[in-house]
J.: 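A single structure is presented below for examination.
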Amino acid sequence: MGQTYTYRCGRCGFEARFNEGRGYLVHRQPLAGYLSARKIIFHHKTHRVLHKLAKSHENLTLDAGFKVYRCPHCRLLYEKVDVKVLSREKVLHKSEFRCLRCRSRLKLTNIHRLKRAICPSCRSDSFHLDRRQMVLWG
């Protein structure tokens, strides 16, 4: 279950949607169960790490969800699938992301409180949350 946030640029009209939460394929589950399904839904490098961890550890849990990140330098927003691998609640692996523009490490943002960001189209700071278009999904 999650929520979709819509951001619209007040200058150029560009619109983008960002999902936050868990879905049908992206949720908390046993790592062995995910790997046995033979569906690759994560980045190929992440998938490779998951296989390596499964070979060296038993009873691991895969915790994944859609999250919104923000570049602290460019202030651009990114929707990413955050992946953690847990062993008895100890984190063995956690996704890290970088900005495609400046390569800075992205920071998890509190999207429902964020009022403005930089528009990816025209680079103005009038990219704002459109509260009329928020959607719950499950």
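Numbers here simply count residues along the sequence, with the first being 1. Below, all heavy atoms of this structure are taken into account, side chains as well, without hydrogens, waters or symmetry copies.
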J.: Between Phe18 and Phe127, how do the two ring planes meet: parallel, tilted or perpendicular, split at 30° and 60°?
T.: perpendicular
J.: Less than 4.5 Å apart, side chain to side chain, heavy atoms only: is that true for Lys80 and Lys67?
T.: no
J.: Side chains of Asn110 and His112: is there a donor and an acceptor less than 3.5 Å apart?
T.: yes
J.: Do Phe14 and Pro120 have side chains that get closer than 4.5 Å, going by heavy atoms?
T.: yes
J.: Taking atom types as modelled and ignoring hydrogens, do the side chains of Tyr34 and His47 form a donor-acceptor contact shorter than 3.5 angstrom?
T.: yes
J.: Hey, does Leu114 have a side-chain heavy atom less than 4.5 Å from the side chain of Tyr5?
T.: no
J.: Take Leu35 and His51, measure what side chain to side chain contact (heavy atoms under 4.5 Å, CB included) needs, and give me the verdict at the end.
T.: CA-CA 8 Å; Leu35 293 173; His51 272 288; 3.8 Å; yes
J.: Below 4.5 Å, heavy atoms only, C-beta onward: do Leu76 and Arg123 meet side chain to side chain?
T.: yes
J.: Going by heavy atoms in the side chains, are His128 and Lys115 under 4.5 Å from each other?
T.: no
J.: So, Glu89 and Arg28, do they make that salt bridge, N to O below 4.0 Å?
T.: yes
J.: Could you check whether Arg22 pairs with Asp63 (Lys NZ or Arg NE/NH1/NH2 to Asp/Glu carboxylate O, under 4.0 Å)?
T.: yes
J.: Less than 4.5 Å apart, side chain to side chain, heavy atoms only: is that true for Ile111 and Leu77?
T.: yes
